[in-house]
Every structure is written in C-alpha cells, then in structure tokens.
Amino acid sequence: MSVSENIVSLSREHDSRIREDRRVIHRRPGVGMEVEETASFVAKTLEEMGLDVCRGVGGIGVVALLEGHETGPVVGLRADMDALQIQEQTELPFASEIPGIMHACGHDTHTAMLLGAARILSALKETIRGTVKFVFQPAEECAPTGGAPAMIADGVLENPAVDAMVALHVWPDLPTGKVGIKTGTIMGASDRLDLTIRGRSAHGSTPEQGVDAVVVAAQVITALQTVVSRSVNATEAVVLTFGTVHGGYRYNVLADEVRLEGTLRTLSPDVRDVLPGKIDTLARGVCRGMGGDCEMHYERGYAPTINHPETVSVVRGSIANVLGERGILEIEKPTLGGEDFSFFASRVPSVFLWLGCRPEEIAPEDFPPLHNPRFVPDESCFSIGAAVLAQAAWDLLKKLGGGVSA
Ligand SMILES: [Zn+2]
Ligand SMILES: [Zn+2]
C-alpha cells in the first residue's frame, strides 16, 4: 500500500472518532481565550496518542510534537478552537449547551480534523523523517488582536523552527469532496478605524452659531467612499464600511460630536499601507473646511493571508493524492474576510485551504453560511480534511528534504 492509500484508509478508520470528537467540542464552545474545556480536551486527546504536548502556549493554546524516527524539517498544522457569540438554532442532538455561544464558524470541526490528522500521522510515525507540530490556537475570531500573535510571541514557531505551515477552513460555498486552493492572497486584510468628528453645539434653529457635527459626518462618510473609488487602482479590491454612527443628544440641538466605527478590507499590502493616510487627510480636510475637526484611531488587524507558491504546488499534489485531480478546486477570487492564520503565513511559507462542506444535493443559496445560527457542515468532509492535512504534512516533509523512509 502506498503512503497515500495508507493515509486515506487511516482517515476512514478514524472517521467515526473524528465525528465524535467534533460533537464533544461542539457541545461545549467557548469564545476568544475562554476555550479551557476545548483546550484541555485537545491536550488530553493528544497525550493519549503519546505525543509530546505543551499547554498554555500564548495563554490557552495547545501545541503537540510528533517526532519521526529521524530528525529533519518541521511542518506545522494549525486549527482554531474558538466559537462565536451566537445562539445556536440547529436543533442538533449535540447542539451547544452554553447559552449564546455556538461553533458557527466550524472551528470545532477544524480542531477535530487536526486531532484526526495527528492520529493518522502517529500511525505512520516510524516512516517519518522530521517533525510535525500540531498547533491549536484560541481567539481566531478576535480581530484585530487574534490568538496567533500571542502563540508566536510564546515561541510556537521556534524550538524546533517551523519550515512550512498548513491550515484549512470549512467552506460552505464548496461541495463536499472539493478542496479549494489558491496561490497568493486567499483572504483579505481586516483593519478597524474609529473617527471622532467634532463640531460645536448651538440651538437647532441657529446653525450659523455652531458647527453641526452630524452634517460634517455625513460629508465625511460620502467623501471617504471616493478614497476607494478615486485613489486606488480599479482592479484592486477594497471595501470601506462604517458599521456604526453615533452622535447628538437632542432633536433640536446641533451635535458637537459624532463617532464613526468602520472596517477597511484590502487584499494588497501596498494598498493597505497607503489608505489609512489618505483617509485621515481627507477626513480632516472635510472637517476643517466645514469648521470642525476630527481624529482618527486606526488599528491594523489581520494581514492578508498569502499562500506561498511552492508550498501551494506541493499541497495541490497532496489534495490529488487524497481525492484525485477532481478534488482540486482552483480558487479564482479571494475573499475580503480576514483570517488570523495570516500571522503564521507572513512568517513561514504557508497554505490556507478551503474545505468543501456542503452536501452536493443542497444548493448554495439553501445552505446556511458561516456565522449563521443554523450552520451545520457536512460530517463526511471531516475525514477528507484530516487526510488532506496529514498528506500535506507528509508531502511537505518529503519536499523539504526530510524525506520519508519507505
Ligand atoms: Zn468566523
Ligand atoms: Zn473561522
């Protein structure tokens, strides 16, 4: 039996255990860094496999090492463990037992699949030359901070130093049996900005005696849309959205302050670097021209997730090894959604994959998307995800020079 055949057969063998682990995790979700139950379940499960486990990395993260029979390169596989503040409406028998918290982004499945990959690779341990590092991180949903930076600061990419990294996300747009892959940017940068616009109060009947911050804010919002349309090349993808507008205190009084909260999504690091300055200059110019002023607070969040070309070509082969060529789906357009994996991908050659999780017979428009209280991924994609992760680690170790003894 070839190694790929072995991996696929092991993934089938462990399929029911992966589903079971995911149900355990799904029942007891936590948000942000508060994933104690999941983290200790993960650590305990990895210890039972005989792996060298480190708890409390970057707060509550868990890291496990699988050493092959000889030292060699190091490949990292990463899963996220956190859930969302959403009241589950799936009516599943294993639905969340924690009120108002649900695994609506599928991170429960990522965690269970990575445990599955650890099981598969443990069975192949004697044939592996090199090390696989399993990284379970909290707080993926907590932009702009995230959970990855604390783990990186705590040395997750060192001792031993990671040479390449792979992660996946369940993707409802894609049917089960397909894995989406793309060279270059696959997920966007997500930054946050707050603008405080200041005017001067006066009676609503005598606006000439003050500066109406509401009218100034209206001009600022409109003017800033032109930063996107007039100062960025039209082939670049950029979105500027203000999600909240707060200001004023009485119907007949000029507001002296309006606060805008928004998000800027970009794909290109250059566009991301240049836009905050342009936004600040234009917002100030509009405010000052109207007699007011403004202050911008800009917080850089997740960088774009950029897939490394050579690593992509190895992992494309891994998908083919598991599913055949027809399992590969070449993604044409990235999404402007942010992803905490970008912190790893900007330091280590990496690949982020989209795992099809929609039963083929259900149309995309009828399938609840990520972050929806009715999101339920197809369980039959789990063994595929576990096999792809295991195969990718195996292929990358081989490519990086460690090789695998036959
Ligand atoms: Zn999410
Ligand atoms: Zn997610």
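Side chains included, hydrogens not; waters and symmetry mates left out as well; all remaining heavy atoms used. Order of listing sets the numbers, starting from 1, for every ligand and every atom in it.
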Worksheet item: Using a distance threshold of 2.8 Å, what protein N/O/S atoms lie below it relative to the Zn ion (ligand 2)?
Response: C105 SG, H107 NE2, H169 NE2
Discussion item. So L124 and L10, do their side chains get closer than 4.5 Å, heavy atoms only?
Written reply: yes
Fill in: side chain to side chain donor-acceptor pair (under 3.5 Å) between E67 and T131, intermediate numbers included
CA-CA 5 Å; E67 311 267 11; T131 303; 3.1 Å; yes
Discussion item. Between R119 and R17, is the side-chain contact (heavy atoms from CB on, under 4.5 Å) condition met? List the steps.
Written reply: CA-CA 10 Å; R119 271 197 189 90; R17 182 64 201 267; 3.1 Å; yes
Worksheet item: What distance separates R288 CZ from C294 SG, expressed to the nearest 0.5 Å?
Response: 8.0 Å
Discussion item. Which label fits H103 and H107: parallel for a plane angle under 30°, tilted from 30 to 60°, or perpendicular past 60°?
Written reply: tilted
Item to complete: Answer yes or no: is there a donor N or O on one side and an acceptor on the other, between the side chain of D256 and the main chain of S201, under 3.5 Å?
Response: no
